[in-house]
Amino acid sequence: MTSYDALLLLSFGGPEGPDDVIPFLENVTRGRNIPRERLEEVGEHYYMFGGVSPINQLCRDLKAAIEADFADHGVGLPVYWGNRNWDPYLADTVRQMKADGIRRAAAFVTSAYSGYSTNDQYLDDIARVRAEVEGAPEIDKLPVYCDRPEFVEPFVDATKDALSGLPEGARVVFTAHSVPLSQPNQEKYVAELEAVAREVARKAAPGAPWDLVYQSRSGPPSQPWLEPQITDHLSDLHGKGVRAVAVVPIGFVSDHMEVKYDLDVEAADLAAELGIAFARAGTPGTDPRFATLPRRLLADAG
């Protein structure tokens with residue numbers, strides 16, 4: 001742990017008011033030729049919540065929880081926070097780190113899995129910003145942590161809580177962000193998701209039926225993505241006589257917009273239409289166990 005002199009909390013970013021929504025979505029989709037009408041359609045999801053994504057406040061809360069855990073355990077490292085797509089931008093944070101004399105930092109990313117968008121793209125972000133900021137500190141991304149108990153156990157408890165409010169015999173439906181089948185390392189991403197789902201199901205609902213499905217697809221219909229989508233799956237389950245589901249977003253660290261809209265609004269509304277009892281499990285967020293993970297990963301890194 002003494003080989004680092006700071007921790008960098010690295011996240012996706014999100015709008016913090018209605019005027020931020022379209023510029024934020026333009027940042028996210030830059031270079032992908034997404035029609036303006038599609039951006040405006042997705043923007044409506046944010047406007048339903050006042051134009052504010054929960055993710056930035058969740059990062060503030062997680063940063064504070066990590067700092068408290070560091071203080072409780074005598075870890076004297078400052079914690080910085082930077083985003084890919086919105087303020088505080090990673091480049092600005094790295095400039096501040098340089099100005100503060102930071103020479104070597106470890107990066108804890110709010111994404112638990114392998115794969116391009118969940119891991120490799122953050123490595124690209126770090127490399128790009130370090131090339132942009134002259135004299136930038138060395139930054140090492142901490143390892144993928146989807147198999148760590150500090151990440152898994154909060155999902156176990158949240159799944160139990162969701163099931164406790166449903167009729168007996170409820171099905172557990174695990175969800176994660178879909179990605180194109182052509183995306184690098186998607187096979188490893190899927191294998192890790194399956195392993196985490198299996199472990200959570202084993203501990204939270206032994207013997208209960210469960211599925212792994214996907215959400216938040218954003219590509220053109222002609223491009224194959226991981227399937228099934230949760231809405232299609234709910235319709236399929238209804239046709240098979242399933243009358244209660246606990247939806248567990250194991251692909252996500254916190255309750256950001258794709259959880260709040262795609263599950264709490266879109267999937268929940270469909271379940272209500274179909275007459276399926278629906279409960280959505282929480283994510284680790286600032287669970288005290290999850291907040292200890294950066295410190296433990298730093299210790300493992302030496």
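All heavy atoms count here, side chains included; hydrogens, waters and symmetry mates do not.
Ion pair R295/D69 flagged as a salt bridge, since at least one NZ, NE, NH1 or NH2 atom sits closer than 4.0 Å to an Asp/Glu carboxylate oxygen. Between K98 and E134 there is no salt bridge, since no side-chain nitrogen of the basic residue lies less than 4.0 Å from a carboxylate oxygen of the acidic one. Ionic pairing of E26 and R36 is present here: one or more N-O contacts between side-chain nitrogen and carboxylate oxygen are shorter than 4.0 angstrom. Under 4.0 Å is where a charged nitrogen must lie from a carboxylate oxygen, and between R280 and D161 no such pair does. Taking a cutoff of 4.0 Å between a charged side-chain nitrogen and a carboxylate oxygen, E138 and R104 qualify as a salt bridge. A salt bridge links R84 with D125; the closest basic N to acidic carboxylate O contact falls under 4.0 Å. One finds a salt bridge joining D300 and R148 here, because a Lys/Arg side-chain nitrogen approaches an Asp/Glu carboxylate oxygen to under 4.0 Å.
Annotation: side chain to side chain donor-acceptor pair (under 3.5 Å) contacts of Y80 (sequence neighbours excluded): D100. Residues that satisfy the side chain to side chain donor-acceptor pair (under 3.5 Å) test with D262, not counting sequence neighbours, are S216. In this structure, the side chain to side chain donor-acceptor pair (under 3.5 Å) partners of E67, at least two apart in sequence or on a different chain, are K63.
Sorted by first and then second residue, the ring-ring contact (aromatic ring centres under 6.0 Å, His included) pairs with a member in residues 199-249 read F174-W210; sequence neighbours excluded. Applying the salt bridge (charged side-chain N to carboxylate O under 4.0 Å, His left out) rule to pairs touching residues 219-239 yields D236-K240, sequence neighbours excluded. Pairs of residues two or more places apart, or lying in two chains, never qualify as ring-ring contact (aromatic ring centres under 6.0 Å, His included) while including a residue from residues 118-138.
A donor-acceptor pair under 3.5 Å links the side-chain atoms of N27 to the main chain of N85, judged by distance alone. At distances below 3.5 Å, at least one donor-acceptor pair connects side-chain atoms of D5 with backbone N or O atoms of R103. The backbone N or O of D61 lies less than 3.5 Å from no partner atom in the side chain of T286, so there is not a single donor-acceptor pair.
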Derivation of the side-chain contact (heavy atoms from CB on, under 4.5 Å) call for V253 and T283: CA-CA 6 Å; V253 164; T283 49; over 6 Å; no
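The aromatic ring centres of Y113 and Y145 sit 6.0 Å or more apart.
No side-chain heavy atom of W81 sits under 4.5 Å from any side-chain heavy atom of L10.
K188 NZ: 12 or fewer foreign heavy atoms inside a 6.0 Å radius.
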